[in-house]
Amino acid sequence: MRRRLAAGNWKMNGTSASLSEVDALLDAHPAPGVEMVLCPPATLIAALAARRGRHPLGVGGQDCHPEPSGAHTGDIAAEMLRDAGAGFVIVGHSERRADHGEDDALVAAKARAAHRAGMVAIVCLGETLEEREEGRTLEVVGRQLDASVPDGATGGNTVIAYEPVWAIGTGRVPTTDQIAEVHGFLRDRLSARIGAQGAFVRLLYGGSVKGSNAAEIFAVPDVDGALVGGASLKAADFSPIVAALEEAAAREAP
Ligand code: PEP
């Protein structure tokens, strides 16, 4: 009922030379058994969208402005990402929350902009190490979910990525029990927030996912895929993650 999703976030990495990695990824997965999305820097969105040809690879932005146009130097509207070929946009990544002071209300406004432009918003949330050590993980992610997911969110226009800040780019990964606890909590909270559609919203785990740990993470209930940073830059690293997700999807197929 929820199509599994492997999404790659290239962050501020990549030039046109990096598109050869996309070719290698598409060659490795000509007919993927899961949804595959790459979110390159905005400068590469149009080129990547053209490069995929008829392959179902999805393309995403990494941020958008809440407004459709205006005097916002350096910002990019959701409609512009859509026009360049994006069907997804990451909003509320912890690096933007930290580097640019983005709060939950702004993240929700960005998610609304993605919906307005006809795109899927990948809404990121997650606790810091300090918050986890204080035993506040569920309180924090619950608050982020309530305030960052806009009204009108559905399984068709919204994906949630649970990304513990302390696991991003660090090689540290929560235990499968810790992931299961948060994902189960988020599933229930989503249903309380948006009703029946909560069962259709995909919940991704993100934070140091690699080929070597993907299979055990994908076996956790309510993990519908992954948002992958560093390991999405090279086809040789991302492809085993996609393959592990394909295997998980095949196992649960009727
Ligand atoms: C991310 O930045 O969304 C992420 C999960 O990064 P990494 O996979 O490198 O930890």
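One-based numbering, in listed order, for ligands and for the atoms of each.
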**Item:** Verdict with reasoning, Asp224 to Leu5, per side chain to side chain contact (heavy atoms under 4.5 Å, CB included)
**Value:** CA-CA 6 Å; Asp224 301 311; Leu5 168 62; over 6 Å; no

Just jot down the ligand 1 atoms closer than 4.0 angstrom to any heavy atom of [X], in number order.
{"X": "Gly230", "result": "7 (P), 8 (O), 9 (O)"}
{"X": "Gly169", "result": "7 (P), 9 (O), 10 (O)"}
{"X": "Asn9", "result": "2 (O), 3 (O)"}
{"X": "Ser208", "result": "7 (P), 8 (O), 10 (O)"}
{"X": "Gly207", "result": "5 (C), 10 (O)"}

**Prompt:** Where's the contact between Ser232 and ligand 1, heavy-atom distance under 4.0 Å: side chain, backbone, both or neither?
**Reply:** neither

**Prompt:** For ligand 1, which part of Ile168 has a heavy atom less than 4.0 Å away: the side chain, the backbone, both, or neither?
**Reply:**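 It is both parts that get close, each with some atom under 4.0 Å.
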
Could you identify the single nearest non-hydrogen protein atom to [atom] and state the distance to 0.1 Å?
{"atom": "atom 3 (O) of ligand 1", "result": "Glu163 OE2, 2.7 Å"}
{"atom": "atom 8 (O) of ligand 1", "result": "Gly229 N, 2.8 Å"}
{"atom": "atom 2 (O) of ligand 1", "result": "Lys11 NZ, 2.5 Å"}

**Prompt:** When you look at Asp146 and Arg189, which way does the salt bridge (Lys or Arg N to Asp or Glu O under 4.0 Å) test go after all the steps?
**Reply:** CA-CA 8 Å; Asp146 288 350; Arg189 190 84 166 215; 2.7 Å; yes

**Asked** Going by atom types only, do Thr128 and Glu131 share a side-chain donor-acceptor pair under 3.5 Å?
**Response** yes

**Prompt:** Out of Arg97, Lys110, Glu102, Arg143, which residue meets the side chain to side chain donor-acceptor pair (under 3.5 Å) rule with Ser148?
**Reply:**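 Result for side chain to side chain donor-acceptor pair (under 3.5 Å) with Ser148: Arg97.
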
**Prompt:** If you measure from each heavy atom of Ala167 to ligand 1, is any distance below 4.0 Å?
**Reply:**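 Contact check Ala167 vs ligand 1: positive.
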
**Prompt:** With a 4.0 Å cut-off on heavy atoms, is Ala231 touching ligand 1?
**Reply:**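 In this structure, Ala231 fails to qualify as a contact of ligand 1 - no heavy atom is under 4.0 Å.
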
**Item:** Within one Ile-Leu-Val-Met-Phe-Trp-Tyr cluster: Val201 and Leu245, side-chain cutoff 4.5 Å
**Value:**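 Hydrophobic grouping puts Val201 with Leu245.
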
**Message:** Please tell me whether Val123 and Val89 are part of a single hydrophobic cluster in this structure, the criterion being side-chain heavy atoms less than 4.5 Å apart.
**Reply:**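 Same hydrophobic cluster.
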
**Asked** Rounded to the nearest 0.5 Å, how far does CD1 of Ile90 lie from CD of Glu163?
**Response**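 It is 7.5 Å, given to the nearest 0.5 Å.
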
**ligand 1 N/O within reach of His93 N/O, cut-off under 3.5 Å** = yes

**Asked** Looking only at distance, does Leu227 have an N or O less than 3.5 Å from an N or O of ligand 1?
**Response** no

**Request:** Salt-bridge test for Arg193 and Asp151: reply yes if a basic N is under 4.0 Å from a carboxylate O, no otherwise.
**Result:**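 Result for this pair is yes, salt bridge flagged.
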
**Candidate list Leu204, Asp188, Val141, Asp222, test side chain to side chain contact (heavy atoms under 4.5 Å, CB included), partner His183, passing option** =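 That would be Asp222; it is the only one of Leu204, Asp188, Val141, Asp222 passing the side chain to side chain contact (heavy atoms under 4.5 Å, CB included) with His183.
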
